[in-house]
Amino acid sequence: MSLDAKKLFEEPSLVQITTWARGVLQNKDARDVVFVLANAGSKEGKYVQAWENYVDLPDRVGVPVRAYARVSEEPILSKYVYENENPDVVILMDEALVKGNDVLAGMKPGGVLIVNTKRDPQYILKFLKDTANLGTIGCVDATGVAGYVQTLSGAEGATDASGIGVGAGAVLAGAVVKAKPFIKPESVFSSVKNEQACRYGYNEVHLMTVNTTFPAFVPAPKKQLGVDDLPFAGTVPSVNEENEKRVTGNWRSERPVWSKERCTSCLLCWVSCPDAVITYKTPEAMEFNNLKYCKGCGLCAAVCPTKAITMVPELDFED
């Protein structure tokens, strides 16, 4: 009997789940989603994994971070692969993560995207890049129902004293199994602390079919990494000029909007901005002109004495 080396590591029953969130403020709920789904799969006798991605600088505020789960009917052959390269399900804890992040990269044909948002799937769809393999998109207002649980309890492998599936993560876990029933809903409901929130996600998620036919799936070839592919935390040149290695606009959930009419040119925003987003030459020439570096921290709006700067949800802008 001969073996086909190309099929040696195919795992037809493997479901890969990737959750995207923002730093320490959302990392707990992102972790809860994958832990809940893995625990539910384990109750059904499936093989499971769940973990966080520490390459993503999870100790920062606002930075995009990921957590992963794998659920399979058979032993997981790829258990030592650090990231989910070909997710079946992607969950976004923040709607603005669709901007500046290739959240559908590597998705298998017929994949599912679940977004924590009040907006409808059609609106979210316009911000996505390559949707050829996207089968279903679902939207549910998870934070409106249960909120984010902001705690370091359970971080970095520690025991989670707050419980698994308390906040928005419980809602999104329920939405996942409604969109892709690879685990029984009751197994998920019994794996969360906030069962009511989980059932809400299952019953109220707004699902929309995107594609029903898909191109042949060809995994992306492995890229040979070099010096330019070092993580963001690596050494980079000074910000005296444009620097693509320091672009942090994809950290932003809200965007500062400046009112020239209300501005008194006190320069408190200019002094306070940690990313040199604001350019000041004269009162008439002051502007927010470098938003690709703006993290949306809101310091400018907080220090403005005349309320000339307001923070507006990033997805209100289609640029």
Side-chain angles (χ1 to χ4, degrees), residues 18-33 52-53 56-67 90-105 113-121 123-129 137-152 155 167-169 171-172 175 201 206 232 246-259 269 272-278 288-304 307-319:
T18 297
T19 302
W20 289 72
R22 293 197 181 279
V24 292
L25 299 183
Q26 299 175 10
N27 201 35
K28 150 71 174 168
D29 282 291
R31 185 170 64 244
D32 277 8
V33 175
E52 299 172 79
N53 188 334
D56 289 337
L57 304 177
D59 296 331
R60 305 293 296 273
V61 174
V63 63
V65 298
R66 290 164 292 178
V90 174
I91 304 107
L92 306 184
M93 296 298 308
D94 183 328
E95 62 178 17
L97 284 161
V98 296
K99 280 190 170 184
N101 303 287
D102 193 1
V103 296
L104 301 183
L113 175 67
I114 300 294
V115 186
N116 175 18
T117 180
K118 295 179 180 179
R119 305 178 197 266
D120 63 83
Y123 186 80
I124 298 296
L125 192 60
K126 69 173 69 177
F127 295 97
L128 299 171
K129 294 180 180 179
I137 181 171
C139 295
V140 63
D141 182 15
T143 46
V145 173
Y148 293 125
V149 180
Q150 297 179 356
T151 176
L152 294 178
V171 181
L172 294 170
H206 180 188
F232 175 75
R246 295 186 70 104
V247 171
T248 51
N250 66 336
W251 295 27
R252 189 171 64 238
S253 295
E254 295 182 313
R255 175 185 300 195
V257 176
W258 173 58
S259 170
C269 61
S272 301
C273 179
D275 299 304
V277 171
I278 304 166
F288 287 76
N289 68 339
N290 233 349
L291 285 174
K292 69 180 180 181
Y293 297 101
C294 172
K295 300 183 182 74
C297 67
L299 284 174
C300 55
V303 301
C304 181
K307 306 301 179 185
I309 302 170
T310 55
M311 299 301 292
V312 179
E314 179 63 30
L315 247 59
D316 284 0
F317 305 90
E318 296 187 19
D319 58 346

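It should be emphasised that the depicted structure is a prediction, and the values quoted were computed from it without experimental measurement.
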*Using the side chain to side chain contact (heavy atoms under 4.5 Å, CB included) rule, take Leu291 and Arg255 through it: C-alpha gap first, then chi angles, then the decisive distance, then the call.*
CA-CA 8 Å; Leu291 285 174; Arg255 175 185 300 195; 3.8 Å; yes
_Applying side chain to side chain contact (heavy atoms under 4.5 Å, CB included) to Gln26 and Val65, what does each step give before you reach the verdict?_
CA-CA 9 Å; Gln26 299 175 10; Val65 298; over 6 Å; no
*asked:* Tell me which one of Pro274, Cys269, Cys273, Pro256 satisfies side-chain contact (heavy atoms from CB on, under 4.5 Å) with Leu299.
replied: Pro274
*Do you know which two heavy atoms are closest between Val140 and Ala175, and how far apart they sit?*
CG1-CB, 4.2 Å
*Once you round to the nearest 0.5 Å, how far does SG of Cys139 lie from NE2 of His206?*
7.5 Å
_side chain to side chain contact (heavy atoms under 4.5 Å, CB included), that's the test. Do Asp141 and Val171 meet it? Break it down for me._
CA-CA 8 Å; Asp141 182 15; Val171 181; over 6 Å; no
*Considering non-hydrogen atoms only, spot the tightest contact between Phe317 and Phe127 and give its length.*
O-CE2, 3.5 Å
*Please lay out, stage by stage, how Trp20 and Ile91 fare under the test side chain to side chain contact (heavy atoms under 4.5 Å, CB included).*
CA-CA 6 Å; Trp20 289 72; Ile91 304 107; over 6 Å; no
_Show the nearest heavy-atom pair for residues Ala67 and Ala30, with the distance to one decimal._
CB-O, 3.9 Å
*Indicate the atoms forming the closest heavy-atom contact of Pro121 with Ile137, along with that distance.*
CB-CG2, 3.6 Å
*Using 4.0 Å as the upper bound for N to carboxylate O, is an ion pair formed by Asp275 and Lys295?*
yes
*Picking from Arg22, Lys99, Arg252, what satisfies salt bridge (Lys or Arg N to Asp or Glu O under 4.0 Å) with Asp94?*
Arg22
*So, for Gln150 and Leu25, which heavy atoms are closest and what is the spacing to 0.1 Å?*
CG-O, 3.4 Å
*Shortest non-hydrogen contact from Asn116 to Tyr148?*
ND2-OH, 3.4 Å
*To the nearest 0.5 Å, tell me how far Thr19 OG1 sits from Asn53 CG.*
12.0 Å
